[in-house]
Every structure is written in structure tokens, then in C-alpha cells.
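Report on the following structure.
These figures come from a predicted structure and were not determined experimentally.
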Amino acid sequence: MVGLRVMPSLPDLTAEERAAIRQACGFACVRCGVTIYRYLGLPDGPDGTLLCPTCHGLVEEGRLTATQVHSFHANPVVRQRHFARDRLPFSAELPHLVIGGSRLLRDTPIPITLEGEPILIFAPPRRTNGATRISVRLGGIDGQPEQIVDGNEWMPNGSWHFLLRGDRYSMMATRGDGLCVLRVVARNRIAVEHLRTTMKGRRLEITPDWLEIDGKRYIDRIGSGTLIGLEL
């Protein structure tokens, strides 16, 4: 088997082109169904496809062939009868959040900001059969804000790792201790299982049971039913 090793990123796509690729791929990685993905050029052709960071890594390691990638794109896993959509965040509504010891957070697209930076953003899909749109912004190695995920698109080039572990999306800095683990409890419920970052000199850590800012721990500080649940 001769692997690909290279599938070019497609940073200059128009909004319409991105929407067409998402629709064709089922709003997820065509190989595994993860809803965090990169827009990549198909081998030997002008079209684009979606692969999660893990499956894209298999391409870069030479473990997937062009024929396999085309096969995945032609028949995305999320469109197959056996695929269990309930284990991943496919919902037409804004998700309920389990975070910081608060009661189940509802109708709060931005649960927390730090120094004016939205750490997490959740939004319903643009189409009813799409996936919950997730954005994650954490401190980089220099403490400055870095966009990790932007509307489900994986942004880093080597500075962060992504793993699907059971029902958990795990994002980890390659250097430092930056971390974000989101657990898909149900199709419309997400738990912030562990988030840890240092940004602009401030230290933030969050679990389902509490949040800690600059060494001080709080419970039930995040408001529900508002645009921003807590500004720090």
C-alpha cells in the first residue's frame, strides 16, 4: 500500500464552497464521523473533503491511500445506516452544558470569557441535519489567545493535538499544559470535563463541578439563559 502523506489544506474557500463541502461530507469527518475537522483537497481532483485531525494524521503518516480517501468521501460514515449519531453532537438546538458546578446551563452560547476573549462558543448548526458548532479559544505557549477550533474547523498546525476518546473530544497543547476536554453526554448535552489555560497572565481551570480563576475556586457562578454566562 502506497500512502498519500499529503492532502493540502484549503484556507481560501468561500463560505459557499465550505457549505457545499460540509453538506457533501455529512458535516463531519468522512472516515470516522468526528465533528471537528479540516477542509482538505481530495487527491487527484479539484474537490474538497473533511477529515478530523486524527484521520488527517493517518494521511500524513502514509497509512491511507488515495483510493481509500476517495471511498470515504463518496460514502461518508455519518450517512451509513450503522452510524450512531447520538454519540456525537448532532443536534438542531443549542446544547445544554454541564460546567462549573452550575445547574444545567441552557441557552448560553458563550459560557465564559477571559479578559474579553470567548473561551468556548456553542451554536446550533446552520442546517437541521448538521452538527453543533463548537469554537475553542485558549492561551498559547506565549499566553496569547489562540483559536483552536473555529465553528468546528480545526485551526492549529502542530501546536495542539486532538483525540477522540470514547465520547470525549480532547484537545491538548504540544507544549505547556493547555487542555480542553468536552464530553458528549447526549446529542444535545455537552460537559466541559476539563479545561485548563493561561491567557494574558490569568489562569483558568474548569470542571463540571467548579471553576478556578487565579487560584480561587468558585461554584455555580455561570449564568444561564444569557449570551455570556460569566465574564472574567
Side-chain contact test, heavy atoms from C-beta onward, threshold under 4.5 Å: evaluate it for Ile21 versus Leu13 and give yes or no.
-> yes
Apply salt bridge (charged side-chain N to carboxylate O under 4.0 Å, His left out) to Asp86 and Arg187, showing your working.
-> CA-CA 5 Å; Asp86 286 345; Arg187 182 184 297 189; 2.6 Å; yes
Answer yes if Ile206 and Ile190 sit in the same cluster of Ile, Leu, Val, Met, Phe, Trp and Tyr residues linked by side chain heavy atoms under 4.5 Å apart, and no otherwise.
-> yes
Do Thr197 side-chain atoms and Gly139 backbone N/O form a donor-acceptor pair below 3.5 Å?
-> yes
Heavy atoms of Arg79 and Gly26 approach each other most closely as NH2-N, 3.3 Å
Same apolar cluster (I L V M F W Y, side chains within < 4.5 Å links), Trp154/Val59 = no
Linked, directly or transitively: Met172 and Ile148 (ILVMFWY side chains, under 4.5 Å) | no
Glu117 side chain vs Leu114 backbone, donor-acceptor pair below 3.5 Å | no
Any chance you could lay out the side-chain contact (heavy atoms from CB on, under 4.5 Å) test for Val69 and Met7, step after step, and finish with the verdict?
-> CA-CA 10 Å; Val69 171; Met7 286 178 67; 3.9 Å; yes
Any side-chain donor-acceptor pair under 3.5 Å between Arg38 and Ser9?
-> yes
Student check: side-chain heavy atoms of Val149 and Met171 closer than 4.5 Å | yes
Is the backbone N or O of Pro43 less than 3.5 Å from a side-chain atom of His70, with the two atoms forming a donor-acceptor pair by type?
-> yes
Hey, could you give me the OG1/CG distance between Thr207 and Leu195, rounded to the nearest 0.5 Å?
-> 10.5 Å
Please examine the side chains of Leu230 and Pro111, heavy atoms only from C-beta on, and report whether any two atoms are closer than 4.5 Å.
-> no
Between Pro208 and Val98, the two heavy atoms sitting closest are CB-CG1, 3.9 Å
Could you check if a side-chain atom of Phe83 sits within less than 4.5 angstrom of a side-chain atom of Leu88, using non-hydrogen atoms only?
-> yes
Taking the side chain from Thr113 and the backbone from Gly116, do they hold a donor-acceptor pair closer than 3.5 Å?
-> no
Donor-acceptor contact below 3.5 Å, side chain Ser102 vs main chain Ile222 | yes
Short N-O contact, Arg203 and Asp177, less than 4.0 angstrom | yes
Would you say the side chain of Thr35 lies within less than 4.5 Å of the side chain of Thr132, judging by non-hydrogen atoms?
-> no
Nearest 0.5 Å please: distance from the CZ atom of Arg22 over to the CD atom of Glu153.
-> 9.0 Å
Does the Ser224 side chain pair with the main chain of Arg106, one donor and one acceptor, at a distance under 3.5 Å?
-> yes
Nearest 0.5 Å please: distance from the CZ atom of Arg175 over to the OG atom of Ser159.
-> 10.5 Å
With sequence neighbours left out, write down each residue that passes ring pair (Phe, Tyr, Trp, His ring centres under 6.0 Å) with Tyr39, or none if nothing qualifies.
-> Tyr37
Counting only N and O atoms by type, is there a donor-acceptor contact under 3.5 Å from the side chain of Gln23 to the main-chain atoms of Ala20?
-> no
All heavy atoms of Met155 vs all of Gln147, minimum pair found to be CB-O, 3.3 Å
Is the backbone N or O of Ala92 less than 3.5 Å from a side-chain atom of Thr128, with the two atoms forming a donor-acceptor pair by type?
-> no
For the pair Ile134 and Ile121, evaluate side-chain contact (heavy atoms from CB on, under 4.5 Å) and give the outcome as yes or no after the intermediate values.
-> CA-CA 6 Å; Ile134 299 171; Ile121 301 177; over 6 Å; no
Would you confirm whether Gln80, through its side chain, and Asn75, through its main-chain N or O, come within 3.5 Å as a donor-acceptor pair?
-> yes
Nearest heavy-atom pair of Phe122 and Pro95: which atoms, and what distance?
-> CB-CG, 3.9 Å
Considering the options Arg196, Glu205, Glu193, which one meets the side-chain contact (heavy atoms from CB on, under 4.5 Å) requirement together with Leu179?
-> Arg196
Min side-chain heavy-atom separation Leu120-Cys180 under 4.5 Å = yes
How far does SG of Cys55 sit from CD of Gln68, to the nearest 0.5 angstrom?
-> 11.0 Å
Identify whether NZ of Lys or CZ of Arg in Arg85 sits under 6.0 Å from the centre of the six-membered ring of Phe90 and within 45° of that ring's axis.
-> yes
Heavy-atom closest pair (Arg18 atom, Leu10 atom, distance to 0.1 Å) is NH2-O, 3.9 Å
Identify the two heavy atoms, one from Cys32 and one from Cys52, that lie closest to each other, and give their separation to 0.1 Å.
-> SG-SG, 3.6 Å
Enter the distance from Leu64:CG to His56:NE2 here, rounded to the nearest 0.5 Å.
-> 10.0 Å
Pairing of Arg202 and Glu115 as salt bridge, 4.0 angstrom limit = yes
Residues Trp210, Tyr218; criterion ring-ring contact (aromatic ring centres under 6.0 Å, His included); working and verdict | CA-CA 6 Å; Trp210 47 263; Tyr218 302 94; over 10 Å; no
Path from Val77 to Phe162 over hydrophobic side-chain contacts below 4.5 Å = yes
Find the distance between CG (Leu40) and OG1 (Thr49) and round it off to the nearest 0.5 Å.
-> 7.5 Å
Is the shortest heavy-atom distance from the side chain of Cys29 to the side chain of Leu50 under 4.5 Å?
-> no
Can you get from Val78 to Ile36 by hopping between Ile, Leu, Val, Met, Phe, Trp and Tyr side chains that sit under 4.5 Å apart?
-> yes
Less than 4.5 Å apart, any side-chain heavy atom of Leu182 and any of Val192?
-> yes
Can you check side-chain contact (heavy atoms from CB on, under 4.5 Å) on Val136 and Ile119, steps first, answer last?
-> CA-CA 6 Å; Val136 180; Ile119 302 301; 5.7 Å; no
Quick one: do Phe27 and Arg127 satisfy side-chain contact (heavy atoms from CB on, under 4.5 Å)? Show the steps, please.
-> CA-CA 10 Å; Phe27 305 94; Arg127 299 196 178 190; 4.0 Å; yes
